[in-house]
There are 2 protein chains.
Amino acid sequence: MKKHSILFFLCILTLVASCKKEPRVKQIKPENIGVLDPLPSWNDGKTKNDIIAFVKNVTTEGNPDFVPVEDRIATFDNDGTLWSEQPLYAQLRYVLDEIKVLAPEHPEWKTTEPFKSVLEGNVEAVFKSGKEGIVKMGMASSTNIESGAFRESVKKWMVKAKHPRFNRPYNEVIYQPMIELLAYLETNGFTNFIVTGSDIDFMRAWATETYGIPSHRIIGSMVETEYDNTDGKASIIRLKGSVLADRYNGKPIGIYRHIGKKPIFAAGNSDGDLEMLHYTDTNKYPSIKLFVHHTDSVREWAYDRNSPIGGLNEGLDEAIAKNWTIADMKNDWNTIFSFQK
Amino acid sequence: MKKHSILFFLCILTLVASCKKEPRVKQIKPENIGVLDPLPSWNDGKTKNDIIAFVKNVTTEGNPDFVPVEDRIATFDNDGTLWSEQPLYAQLRYVLDEIKVLAPEHPEWKTTEPFKSVLEGNVEAVFKSGKEGIVKMGMASSTNIESGAFRESVKKWMVKAKHPRFNRPYNEVIYQPMIELLAYLETNGFTNFIVTGSDIDFMRAWATETYGIPSHRIIGSMVETEYDNTDGKASIIRLKGSVLADRYNGKPIGIYRHIGKKPIFAAGNSDGDLEMLHYTDTNKYPSIKLFVHHTDSVREWAYDRNSPIGGLNEGLDEAIAKNWTIADMKNDWNTIFSFQK
């Protein structure tokens, strides 16, 4: 009898433990909104209420704000909106690391800027090379390569590279409240897309696994490509030259090309997202324009108007003037990263 | 009592009538394959068997050919694969009609080729203008216009234009067996995409309603665009110049840009689809490469090697040599159009 009791107890324990293993994407039925909390990492307040009220309205048939499922398009910037972009955009970190990896094949880099400074570890000089230098490094490290091989290189980097402040892989330095928001929208019939300034192959190497968004719903900057079947492998080769710079005006263009509809929900964090929010704001349906505002210097970073990375200036003025939704990281989010819990 | 019997009878009748209204996209559960026929317009035989066996294998866990749901990508050409492309590509018909509509605003067209011949109804001379003339007409009729306004124009045309042989709107001249195939794949966890040489906005004006494929899964040729918010309407303007010619090499490039994965199922009908089929054939997973072969001069058309529209020459040789799947319209399809039933 005693043995059976212990076994029974162990069974119950196992059951409880297995219940605790929640999948990342919580399935919350619309009728449970308000009963279960779909956004547990968001503090109660205006921002959270506005988002939940919006989702409730657009999903309730008969509500004047109702939006048919096929038009519930949501678009999310990545750097600074879904994951940390400080102290350096992750893709730029990848490019700098990759230049060191590729250096033995390019002896000329020892004497050519901005490569010389990268190899010497002179970060300050690298940044003096400006946008032109960054593009040069990006093209040198990430083109004339088959797209699949490039993604493999990014995947390898993602496994070994560590975020300098949090000492974790970059794809763990993601905002828990935004992960919950993605799941909440998807559960309510939204189709989520990533619309990022980063390269589309760089993103597709890891973002599906991290955010649960399939590769055809990842939109990013694109280089020229050519189709090559001379070796019978039928592959896409990445070439120098840009097909889409997916920031500022490029974001609505990327959305037009890949989605063909205006979003009813768009989230960004910098002036580079402002045109995407304008595009969303002119939808015939009601919409949410959300800025993630970096206000937490303790748990993450505090920056906006004067930041060279993720600057939010015009966008902040407009968001305040037009009563758009602002997620104040310090006040609206009780958890930023799941590893900080 | 009698009154109740009549009411009861009417209820039953209503019920039977409502049951007959089958949705276009039949939902067939995997376990019913072989019990219910998922492809009723396909005759029993090798082609149908090959397709069904493939779908069964890639969807059966434990089968060596099993493919995870997220990699079940299927791509379909449109002209000649999902709808009739004879005697003239529908988009070209639209362009010719539109030139007549726009002529009053362009007095110079009366004396400029190929517009002069279009306005005079001299179709032979129009075709002598060749590819260059066609591009000229396309750009003249379909650019310098807001993308939404262009789609509206296509929608209006689709309502009033009639296919010259079947005297029906073009979006009814669609192949019933392929509609069943789309539904069959979707039901089995495939994600279907259209990959067409036609303009992406031309397609997005009607294809979602016709095929049940959302706009973000429609890939087509694209013109240059610019984002314009000067009027506060945040719109995309179609410009002269090409961003993607989605045929031949352009099809794998379109698939790479929009999907980011190789298909495991690709269907086309002309040499312009051959690169898409090569791309599919080099997937690490097993795959189906399907050519719709136009062999039915009675119910549709019979053409292949020497046709100026939808020519299938190299593709046919390769399909035979490599044992790809060929849907012989005359022999494999018991119904071509639902209106011919």
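No hydrogens, no waters, no symmetry mates; every other heavy atom, side chains included, goes into these values. Chain letters run A, B, ... following the sequence lines, proteins first, then strands; residues in each count from 1.
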If you tally heavy-atom pairs under 4.5 Å against chain B, which of [options] wins?
options                                : answer
A:Arg217, A:Lys251, A:Lys233, A:Lys261 : A:Lys233
A:Met222, A:Arg257, A:Glu226           : A:Arg257
A:Gly250, A:Gly148, A:Ser215           : A:Ser215
A:Thr191, A:Asn249, A:Ile236           : A:Ile236

Is it the case that atom CD in B:Glu224 sees more than 12 heavy atoms from other parts of the structure closer than 6.0 Å?
yes
Distance-only polar pair, side chains of [X] and [Y], donor-acceptor under 3.5 Å:
X        : Y        : value
B:Tyr211 : B:Asn78  : yes
A:Asn269 : A:Thr81  : yes
A:Ser142 : A:Asp199 : no

Does any heavy atom of chain B fall under 4.5 Å from the side chain of [X], the backbone, both, or neither of them?
X        : value
A:Lys262 : side chain
A:Thr208 : neither
A:Thr282 : side chain
A:Ser147 : side chain
A:Asn229 : side chain
A:Pro252 : both
A:Ile253 : both
A:Tyr248 : neither

Under the 3.5 angstrom rule, does the side chain of A:Ser221 hit a backbone N or O of A:Gly197 as a donor-acceptor pair?
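Indeed, once roles are kept as given, a pair shorter than 3.5 Å links the two residues.
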Is the backbone N or O of B:Leu312 less than 3.5 Å from a side-chain atom of B:Asp271, with the two atoms forming a donor-acceptor pair by type?
no
Show the numbers, then the answer: is there a ring-ring contact (aromatic ring centres under 6.0 Å, His included) between A:Trp157 and A:Tyr170?
CA-CA 10 Å; A:Trp157 174 85; A:Tyr170 282 85; 5.1 Å; yes
Under 4.5 Å, counting heavy-atom pairs only, tell me which of B:Glu70, B:Glu275, B:His216 racks up the most with chain A.
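Looking at each of B:Glu70, B:Glu275, B:His216 in turn, B:His216 comes out on top.
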From the list B:Asp201, B:Ile73, B:Ile200, the residue making the most non-hydrogen contacts under 4.5 Å with chain A is B:Asp201
Ring geometry between B:Trp324 and B:Phe291 (parallel below 30°, tilted from 30 to 60°, perpendicular above 60°)
tilted
Please determine whether ring-ring contact (aromatic ring centres under 6.0 Å, His included) holds for the pair A:His278 and B:Tyr227, giving the CA-CA distance in whole Å, both sets of side-chain angles, and the decisive distance to 0.1 Å.
CA-CA 11 Å; A:His278 287 156; B:Tyr227 170 72; 7.5 Å; no
